[in-house]
Amino acid sequence: MSLTHDDLKAIREIIRDDTSSVVRSAVREELHPLSGELEALRNDVKEIYDMISDLQGVVVHDEESQKINLEEKLLRLNSDLLAIAKRAGVSLPR
């Protein structure tokens, strides 16, 4: 029994579909570890931006602090320290 032209065409399509799914599966497996690394990088960048934001707030206080007295400087410093500790989940002694 010999295969007809339609039979050969159907076989080629099956092979092409199977190959495509195998290739798609392989690509997904290769990209899966990269998605975890990408998420980690996003978190790192977010943390860096938060740190920069915190530092910019401290710099503003330093520029203003030259105009205020020592007691006010200490009160602001204490307030900033308590806020940072609260964000970090650290309880400071009173």
Side-chain angles (χ1 to χ4, degrees):
M1 174 178 196
S2 65
L3 297 172
T4 65
H5 179 67
D6 291 336
D7 293 334
L8 292 172
K9 185 177 177 183
I11 291 170
R12 284 188 192 108
E13 287 178 17
I14 291 170
I15 291 172
R16 188 178 315 125
D17 291 343
D18 285 346
T19 303
S20 295
S21 66
V22 168
V23 169
R24 276 185 253 131
S25 176
V27 168
R28 278 190 208 113
E29 288 177 20
E30 288 294 320
L31 292 179
H32 183 66
L34 292 178
S35 65
E37 290 179 19
L38 181 60
E39 185 66 29
L41 285 172
R42 283 182 184 154
N43 292 337
D44 289 347
V45 169
K46 184 179 180 295
E47 188 176 340
I48 289 169
Y49 278 122
D50 290 343
M51 286 180 191
I52 290 171
S53 176
D54 289 344
L55 288 175
Q56 287 174 339
V58 171
V59 170
V60 170
H61 290 302
D62 286 343
E63 291 173 0
E64 294 174 358
S65 69
Q66 295 188 14
K67 299 177 185 176
I68 58 175
N69 65 25
L70 186 57
E71 182 180 359
E72 183 62 30
K73 288 179 189 180
L74 289 171
L75 290 172
R76 284 187 183 182
L77 182 60
N78 184 52
S79 173
D80 290 344
L81 182 60
L82 290 173
I84 292 169
K86 183 177 180 181
R87 275 194 304 236
V90 176
S91 61
L92 296 174
R94 292 265 172 178

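What you see below is based on every heavy atom in this structure, not just the backbone, and it leaves out hydrogens, waters and symmetry mates.
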Let me confirm one number: the [atom1]-[atom2] distance from [X] to [Y], rounded to the nearest 0.5 Å.
X: Arg76; Y: Leu81; atom1: CZ; atom2: CG; answer: 15.5 Å
X: Ile48; Y: Leu41; atom1: CD1; atom2: CG; answer: 9.5 Å
X: Asp80; Y: Leu75; atom1: CG; atom2: CG; answer: 11.0 Å

Quiz item: Which hydrophobic side chains are connected to Leu77, either touching it within the sub-4.5 Å cutoff or through other members that do?
Solution: none

Quiz item: Who passes side-chain hydrogen bond (donor to acceptor under 3.5 Å, both in side chains) against Ser91, sequence neighbours left out?
Solution: none

Self-check item: Partners passing side-chain hydrogen bond (donor to acceptor under 3.5 Å, both in side chains) against Arg87 (at least two apart in sequence or in another chain)
Solution: Asp54

Practice problem: Would you kindly confirm whether Val45 and Met51 end up in one hydrophobic cluster when ILVMFWY residues are joined by side chain heavy atoms under 4.5 Å apart? | Solution: no

Exercise. Report yes or no: do Val90 and Leu82 belong to one cluster of Ile/Leu/Val/Met/Phe/Trp/Tyr joined by side chain heavy-atom distances under 4.5 Å?
Key: yes

